[in-house]
Number of protein chains: 2
Amino acid sequence: MNTNIRWLREKMKMLDMQGAIISNPVNVRYLTGIVAEGILLITRKENIYLTDGRYTEEVNSVLTIDDEIIVHEFNDFSNDEYENFFMFCENVGFEGDYVTYNGYRNFMRKYKINNLQEMEKVIEKQRMIKDAEEIEKITKACEITDGCFKYLLDFIKVGKTEKEIASEIERYFKLHGADGVSFDPIVASGKNSSKPHAVPTDKKIDLGDVITIDMGCKYKGYCSDMTRTIFAGYIPEETKKVYDLVLKEQLKVQDELKEGVNVKILTKMVESDFELEKYSLVHSLGHGVGLDIHEYPYLANKNDFLLKDKMVVTNEPGIYIPEKFGVRIEDTVLITKNGCINLTKSDKNYTIVDKQLN
Amino acid sequence: MNTNIRWLREKMKMLDMQGAIISNPVNVRYLTGIVAEGILLITRKENIYLTDGRYTEEVNSVLTIDDEIIVHEFNDFSNDEYENFFMFCENVGFEGDYVTYNGYRNFMRKYKINNLQEMEKVIEKQRMIKDAEEIEKITKACEITDGCFKYLLDFIKVGKTEKEIASEIERYFKLHGADGVSFDPIVASGKNSSKPHAVPTDKKIDLGDVITIDMGCKYKGYCSDMTRTIFAGYIPEETKKVYDLVLKEQLKVQDELKEGVNVKILTKMVESDFELEKYSLVHSLGHGVGLDIHEYPYLANKNDFLLKDKMVVTNEPGIYIPEKFGVRIEDTVLITKNGCINLTKSDKNYTIVDKQLN
């Protein structure tokens, strides 16, 4: 049986669950490698993947004998057979954060389970620790993102719009081996950069603008996430001061990140450093990155949690001055026992673009 | 109060619901115009929109006094106050197809409701009939899509890859006033076109290829959806035969579509016409289009349902020859009392692209 499923089965034993219905496609992909529409049933005897006829060929081509997963089509089963899957299973787990209320009712009706039990994010927590193959894919996604940033420094010109730049990012990713973006890119210039979650507009890049570029792609399902804040033409004094502070803090966090660090204490450190200078940290310090762009663990001041070896998280402090501008600097990093490794490696020194659109 | 909320309140009365929790953002947008993170509470006395501080300003700028919606921040309320919202409401509706099982449990805990009741897609069904403003937005999304198709006929060259073309479609939409794509564009050439849901690959367009382009954009939240099948260099005889049949059928459906038509009978007509020629219709004949790219009504052979004036649906018959090629022709159309109006208007005659990449 593959390692991920074996690990899950161990965990289920500890939780006194004899079966599980896994329907979140991200969790299914994590446990099986399958990218399709279907559902994974873990029973006392078997691992079963149910899908429809369109996907059978594709699914069988992904699975190996080692996975020990049996593929069936939904239509192969009568109502009676559905009821038999979990016979003799007292407790069966399901993903209460993914399955809708109607979906839950449907499971109850279809599988006739004694006790259908919320799984409390067992798989999501398992996904926090990445294996070598996962780290390789995230690293590749980060490399493509670095390549894109380099390309953008030539592409961005005074006079181009935020939307044009955002659209070019998507194009670059698709043409350079990525599956696509891991989220809609943020390109926010001038005043727009003061909103942490700005959406690209038709505003043209102007001299003196700060430009926040937050982007990431997916490679074989795995995400990257990076933000750089750059300047058009020159760096206004006020901006420079904020940039220096954010960068100093980002590098300080980078020095701290390693196995055993408490994310609550780390976040509070950044908050108090910012507050000393009369700024505040309005969003969390970072988040896990993997098959989802935002996943466990969350680096926030509420989260009394220790980082572990082989977690992949973002390090993204930011300062936002309402109605004026914002600065955020973000890397995707790999946590190790001795420190962290930046997987996104684009330059963080002052970067000025000053070419004009003809 | 705005028309959509008033209509919903009428419907709730009929269902003996004194309150409702609306959390699907698409339904919230439909009822209020708000695009944010939040939740709409319909109580006996008021319409309340709960959101967080980041969105308050934006939300208030969208609402007018006519909406009769009161905006509050989540943090404004104590646990006791949450419990008071639905005091004296016997039955409170929620969206069982959107809210997760954990979300449902959370509502139960937070609002202390006697009977939290699945709403059975009341709002989704209400959304089927479009008002003048909605039709205008869909029409605009369709116009942008037609513009994109015209542009593509010049952009597509023998030697370009499917991915390059798909990426150019996304770029075009963003640069021509659309919010973005309404779904990932399908560009499938040669053999790839034999899969109805093909994903663009690095395959280059080759002479003799059929090219299926299925694309749509969003304009102010509203979607368009159009498919055209075109040819690179020349039209092979076998393909021409299938193309003629699909087009004949698409035009036949176009002639039939109007208020009062039964979608089951209509779908069966296409199925039997295809079967006469030894082909089959492997997907449904069409679907509603609005704030969602796929919404009610679904034009399928299981669906014993009559179309109504002011519904917007797709008309998209297709034939797929495994391992060889596929042809699909699709328009977004507006149903009226006397017939249907194509909102996508791109040419459906044989279209050949024959420029070569230098």
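A note on names: the letters A, B, ... follow the listed sequences, proteins ahead of strands, and every chain is numbered from 1.
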More than 12 heavy atoms of other groups within 6.0 Å of [X] [atom1]:
X	atom1	answer
B:K157	NZ	yes
A:K121	NZ	yes
B:K203	NZ	yes
B:N79	CG	no
B:K324	NZ	no
B:K204	NZ	no

### Query
What part of A:F173 is in contact with chain B, defined as an atom under 4.5 angstrom from a non-hydrogen atom: side chain, backbone, both or neither?
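Neither; nothing under 4.5 Å.
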
### Task
Check whether A:E164 gets within reach of chain B through its side chain, its backbone, both or neither, counting any heavy atom under 4.5 Å.
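It is both, since atoms from each part get that close.
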
### Heavy-atom pair with the smallest gap, counting every atom of A:D97 and B:T100
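Smallest heavy-atom distance, with atoms named: O-CG2, 3.3 Å.
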
[atom1]/[X] to [atom2]/[Y] distance, rounded to the nearest 0.5 angstrom?
X	Y	atom1	atom2	result
B:H197	A:Y55	NE2	OH	7.0 Å
B:Y104	A:R105	OH	CZ	7.5 Å
B:Y101	A:N102	OH	CG	13.5 Å

### Query
Between B:K174 and A:E170, is there a salt bridge with N-O shorter than 4.0 Å?
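Counted as a salt bridge, because a side-chain N and a carboxylate O are separated by less than 4.0 Å.
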
#### Entry: Note: B:R171-A:E168 ion pair, threshold 4.0 Å (strictly below)
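Salt bridge between B:R171 and A:E168, a charged N being under 4.0 Å from a carboxylate O: yes.
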
